[in-house]
2 protein chains.
Amino acid sequence: MSQIPRRPRMPTLEDVARQAGVSRATVSRVVNGTRNVDPEIQKVVQEAVAVTGYVPNRAARTLVTRRTDAVALVFSVPDRPEDDPFLGRVFGDPFFGRILGGLLTVLRPRGVHPVLMLADSQRAREELAGSLRQEHIDGVAVVSITPDDPLPELLGRAQVPAVLFGRPAAAEVPVSFVDISQQAGARQAADHLVALGRTRVATIAGPQDSPAGRDRLRGFREAMAGHGQRDVPCVAGDFTQVGGEKAMRELLAAEPGCDAVFAANDLMAQGALHVLREAGRRVPEDVAVVGFDDSSAALAARPLLTTVRQPIEDMAAEMAELLLLSLNDPDQPTRSVIFRTTLVRRQSA
Amino acid sequence: MSQIPRRPRMPTLEDVARQAGVSRATVSRVVNGTRNVDPEIQKVVQEAVAVTGYVPNRAARTLVTRRTDAVALVFSVPDRPEDDPFLGRVFGDPFFGRILGGLLTVLRPRGVHPVLMLADSQRAREELAGSLRQEHIDGVAVVSITPDDPLPELLGRAQVPAVLFGRPAAAEVPVSFVDISQQAGARQAADHLVALGRTRVATIAGPQDSPAGRDRLRGFREAMAGHGQRDVPCVAGDFTQVGGEKAMRELLAAEPGCDAVFAANDLMAQGALHVLREAGRRVPEDVAVVGFDDSSAALAARPLLTTVRQPIEDMAAEMAELLLLSLNDPDQPTRSVIFRTTLVRRQSA
DNA sequence: ACCATGCAGGAGAGCGCTCTCCGGGCGTCT
DNA sequence: AGACGCCCGGAGAGCGCTCTCCTGCATGGT
């Protein structure tokens with residue numbers, strides 16, 4: 001342990017107490033607002049605090065309260081070699097930032113700080129567990145983009161205050177989460193395309209090893225079946241733009257007459273848009289396109305992408321609320337909150 | 001201070017010491033690898049650690065070492081009302097995630113955790129200062145997207161270990177930073193356009209109250225002057241896509257004959273591409289377009305955007321190195337590292 | 001007048017760790 | 001053989017805070 005570059009010594013409770021002519025305990029009470037303190041004395045103490053420039057030392061406080069007022073925001077991604085520069089790509093996704101923004105709206109006013117962590121290897125997961133046991137953080141918000149992620153179950157078992165973004169793959173894991181109704185969202189896309197009079201509808205699905213990918217496809221198919229279209233041509237992509245391009249090309253080859261496409265996320269929809277343009281199809285006149293997420297890609301696309309909006313920020317905020325709840329009372333039952341999606345109508349459909 | 005939901009008591013050094021039949025001090029030495037300890041005893045201690053499942057308590061350690069092994073990653077943005085939901089937009093920029101990714105490649109192996117903070121109001125800045133004084137964090141990495149940001153100066157004065165992404169607006173602020181040579185980057189764009197044989201070159205500049213915006217414009221103008229084009233038509237945008245669209249429209253109206261455009265960032269270039277397409281200009285045949293940053297927008301654009309690459313991840317990693325350096329020795333002189341940009345040639349020019 | 005009651009402030013233990021200081025055993029130099 | 005270091009382990013102080021317990025005083029009921 002390398003030793004401390006000593007910064008000038010900070011004033012302590014003791015200093016303030018001396019300055020104010022009261023005991024340490026009293027100062028503590030004033031600072032924390034616990035118990036009643038004579039207003040007269042309160043004023044004296046507050047002045048002493050101002051004079052000395054006192055700020056409570058967090059570590060000392062944590063040592064006794066066993067609260068850190070920090071939570072981890074964990075991104076759980078598929079394992080990869082330690083030196084793979086892929087790291088940047090993970091966080092390059094704006095999705096990530098939106099979650100952070102949503103969390104912050106709740107955490108900040110409560111004085112809780114988010115610490116960023118990445119669970120991308122067995123070792124990283126162990127370190128995360130270590131962080132919790134070290135009492136470095138009070139709880140965990142997990143965003144998992146890994147199929148069959150072992151993390152949720154790990155946390156659930158460990159009885160650690162944790163909340164997931166998106167339901168866990170294994171339904172019986174005892175952990176709180178926020179999610180959207182994927183199927184209802186897909187249904188909105190289907191209904192919209194049908195209302196537009198489209199009759200030869202196809203879909204670019206997400207990876208079928210992800211719950212979101214599966215559920216969106218299922219929801220879309222069921223809805224289309226309800227509208228009388230039993231066989232929806234489908235090619236699965238990988239949630240990336242190039243994946244969407246590839247899928248769209250295949251779809252176009254297999255179903256040249258299709259007049260509408262539902263892509264399981266905006267990035268793939270954007271890819272589809274590019275391919276359709278190359279192929280000389282007009283959007284939305286010849287082919288209507290609907291995406292999913294309402295990410296920044298939807299606004300960057302031309303024509304502007306009609307898409308199923310996922311209220312990410314609200315979901316993240318709720319995630320924070322749930323987390324704080326179980327922080328303050330570990331015996332809270334696990335809860336889940338399912339958000340409603342909305343169809344955002346723009347130009348592409 | 002709400003009281004602790006007590007989790008089961010964790011094993012302490014004391015427990016390990018008892019288990020191993022040695023003193024607390026010895027266990028501490030083994031755990032931290034300070035001083036030599038008899039290999040025999042070392043083994044006994046390690047076993048005791050394994051048996052008890054001991055993990056050092058971070059707060060206790062911090063209390064005495066005065067190190068938290070945490071740094072703040074601060075995004076300094078223009079002030080705004082406390083309840084403005086703009087929050088999400090800040091972090092929605094992939095730029096943000098790339099920085100985080102870069103930082104992490106350095107911080108993670110060193111066991112340092114990034115804590116996220118937002119400096120978006122006077123109050124937030126004070127809280128940040130408080131966090132430092134509370135010894136909640138050891139240092140600060142700042143990404144400022146505010147013109148005339150008071151934060152760098154504040155930190156510089158406070159003698160706090162700090163590193164900026166991008167040079168401070170006021171040159172004499174004593175604080176380390178990483179940056180690119182904005183002018184050299186702009187020059188690369190200019191040289192490329194000239195090499196392409198373009199003779200009527202225009203530019204969409206960034207906001208002129210940001211250092212980057214100013215420097216890129218200056219660099220571009222100087223380079224073009226060097227190539228014999230003295231008057232470069234210029235409209236300033238605001239670094240957003242719509243800003244780019246607006247600027248491009250103005251440019252097209254004023255200079256219908258222009259055959260090349262340099263946009264001060266990719267987002268604006270993307271906007272320009274859209275407008276050019278609407279206007280029936282072919283890119284790159286009629287008008288060549290070069291962006292700046294090499295962000296994800298460059299790859300999302302069609303045609304693929306030729307752009308000046310800023311090595312964000314490398315810069316962020318260096319930022320972390322500089323920060324760790326001054327953490328370990330506060331007397332380090334302030335340093336700055338200027339990175340080289342590279343022209344990434346794709347389709348648009 | 002007395003004791004029960006309530007409330008505000010002080011004393012002091014103790015959270016879990018690191019680190020300085022000490023002491024004892026051993027090797028080495030004279 | 002004695003003196004002198006050196007190396008390794010133990011003892012114990014103390015980091016800054018919170019919180020329990022205690023004490024002293026005012027209040028009110030009988």
Side-chain angles (χ1 to χ4, degrees), chain A residues 1-45 48-49 52-69 130 133-136, chain B residues 1-45 48-49 52-69 130 133-136:
Chain A
M1 187 97 337
S2 70
Q3 192 38 319
I4 333 99
R6 287 213 176 270
R7 302 183 218 155
R9 191 178 146 285
M10 297 263 96
T12 71
L13 260 197
E14 192 68 51
D15 298 324
V16 180
R18 204 176 314 113
Q19 170 79 20
V22 298
S23 76
R24 225 170 44 237
T26 301
V27 179
S28 174
R29 289 197 264 259
V30 172
V31 170
N32 294 311
T34 56
R35 257 181 49 172
N36 271 356
V37 174
D38 186 301
E40 197 70 18
I41 298 192
Q42 238 175 85
K43 206 168 134 261
V44 174
V45 170
V49 167
T52 53
Y54 170 76
V55 179
N57 180 303
R58 200 140 169 153
R61 184 178 274 180
T62 295
L63 187 55
V64 26
T65 62
R66 339 215 87 198
R67 278 194 74 121
T68 62
D69 286 321
R133 312 199 47 229
Q134 288 182 353
E135 305 182 19
H136 175 214
Chain B
M1 186 96 339
S2 70
Q3 192 38 320
I4 332 103
R6 291 210 176 271
R7 301 184 217 155
R9 193 177 145 284
M10 296 264 93
T12 72
L13 262 197
E14 191 68 51
D15 298 326
V16 180
R18 203 176 315 115
Q19 171 79 19
V22 298
S23 75
R24 222 169 46 234
T26 301
V27 179
S28 173
R29 290 196 264 260
V30 172
V31 170
N32 295 309
T34 57
R35 257 179 52 174
N36 272 354
V37 173
D38 186 301
E40 197 69 20
I41 298 194
Q42 240 175 85
K43 208 169 131 258
V44 174
V45 170
V49 167
T52 54
Y54 171 75
V55 180
N57 179 301
R58 200 138 169 158
R61 184 178 274 177
T62 294
L63 186 55
V64 25
T65 60
R66 340 217 83 199
R67 276 194 76 121
T68 62
D69 286 322
R133 312 198 46 231
Q134 289 182 350
E135 305 181 19
H136 175 214

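Below, read A as the first sequence line, B as the second, and so on, with proteins coming before strands; counting in each chain starts at 1.
- Note: NE2 (A:H136) to C1' (C:dC15) measures 18 Å, nearest angstrom.
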Contacts under 3.5 angstrom, residues 12-26 of chain A side chains, donor-acceptor by atom type, not counting sequence neighbours:
{"residue": "A:T12", "atom": "OG1", "partner": "A:E14", "partner atom": "N", "Å": "3.2"}
{"residue": "A:T12", "atom": "OG1", "partner": "A:D15", "partner atom": "N", "Å": "3.4"}
{"residue": "A:E14", "atom": "OE1", "partner": "A:R24", "partner atom": "NH1", "Å": "3.3"}
{"residue": "A:D15", "atom": "OD2", "partner": "A:R9", "partner atom": "NH2", "Å": "3.1"}
{"residue": "A:D15", "atom": "OD2", "partner": "A:T12", "partner atom": "N", "Å": "2.8"}
{"residue": "A:S23", "atom": "OG", "partner": "A:A25", "partner atom": "N", "Å": "3.4"}
{"residue": "A:S23", "atom": "OG", "partner": "A:T26", "partner atom": "N", "Å": "3.3"}
{"residue": "A:S23", "atom": "OG", "partner": "A:T26", "partner atom": "OG1", "Å": "3.2"}

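- You'll find that the side chain of A:T65 is closest to D:dC19, out of D:dC19, C:dG16, D:dC17.
- Rounded to an integer number of Å, the gap from CG of A:N57 to P of C:dC17 is 17 Å.
- In this structure, the CE atom of B:M10 is 16 Å from the C1' atom of C:dC17, given to the nearest Å.
- The main-chain N or O of B:E40 is found under 3.5 Å from a side-chain atom of B:D38 such that the two form a donor-acceptor pair.
- Legend: residues meeting side chain to side chain donor-acceptor pair (under 3.5 Å) with B:T52, ordered by chain and number and at least two apart, are absent.
- Note: CZ (B:R18) to P (C:dG16) measures 12 Å, nearest angstrom.
- Here the C1' atom of nucleotide C:dC15 and the CZ atom of B:R61 are 16 Å apart, to the nearest Å.
- Put simply, CG on B:L63 is 17 Å from P on C:dG14, counting in whole angstrom units.
- An OP1 or OP2 oxygen of C:dC17 is reached within less than 4.0 angstrom by no side-chain nitrogen or oxygen of B:R58.
- In this structure, the separation between OG1 on B:T68 and CG on B:L63 is 12.5 Å, given to the nearest 0.5 Å.
- Rounded to 10 degrees, the angle separating the terminal axes of the helix from C:dA1-D:dT30 to C:dT30-D:dA1 is 40°, with each axis obtained from five end pairs.
- Note on B:N32: a side-chain N or O is less than 4.0 Å away from OP1 or OP2 of C:dT18.
- Judged as a side chain to side chain donor-acceptor pair (under 3.5 Å), and not counting sequence neighbours, the contacts of B:R58 are A:Q134.
- Not a single donor-acceptor pair under 3.5 Å links the side chain of A:T62 to the backbone N or O of B:A59.
- Put simply, A:S28 has a side-chain N or O that comes within less than 4.0 Å of OP1 or OP2 on D:dT18.
- Of the candidate nucleotides C:dC17, C:dG16, D:dC17, D:dC17 has the atom nearest to the side chain of A:T12.
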Could you go step by step and tell me if A:R61 and A:V31 meet the side chain to side chain contact (heavy atoms under 4.5 Å, CB included) rule?
CA-CA 12 Å; A:R61 184 178 274 180; A:V31 170; 4.0 Å; yes

Collect all protein-nucleotide pairs involving nucleotides 23-25 of chain D in which both atoms are nitrogen or oxygen and the distance is under 3.5 Å.
none

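- Distance CZ (B:R67) to P (C:dC17): 19 Å, rounded to an integer number of Å.
- B:R66 has its CZ atom 9 Å from the P atom of D:dC17, to the nearest Å.
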Could you run down the sub-3.5 Å N/O contacts of the protein with nucleotides 4-10 of chain D?
{"residue": "D:dC8", "atom": "OP1", "partner": "B:N36", "partner atom": "ND2", "Å": "3.4"}
{"residue": "D:dG9", "atom": "OP1", "partner": "B:D38", "partner atom": "N", "Å": "3.2"}
{"residue": "D:dG9", "atom": "N7", "partner": "B:R29", "partner atom": "NH2", "Å": "3.4"}
{"residue": "D:dG9", "atom": "N7", "partner": "B:R35", "partner atom": "NH2", "Å": "2.4"}
{"residue": "D:dG9", "atom": "O6", "partner": "B:R35", "partner atom": "NH1", "Å": "3.3"}
{"residue": "D:dG9", "atom": "O6", "partner": "B:R35", "partner atom": "NH2", "Å": "2.9"}
{"residue": "D:dG10", "atom": "OP2", "partner": "B:S23", "partner atom": "N", "Å": "3.0"}
{"residue": "D:dG10", "atom": "OP2", "partner": "B:S23", "partner atom": "OG", "Å": "3.1"}
{"residue": "D:dG10", "atom": "OP2", "partner": "B:T26", "partner atom": "OG1", "Å": "2.5"}
{"residue": "D:dG10", "atom": "N7", "partner": "B:R29", "partner atom": "NH2", "Å": "2.8"}
{"residue": "D:dG10", "atom": "O6", "partner": "B:R29", "partner atom": "NH1", "Å": "3.4"}

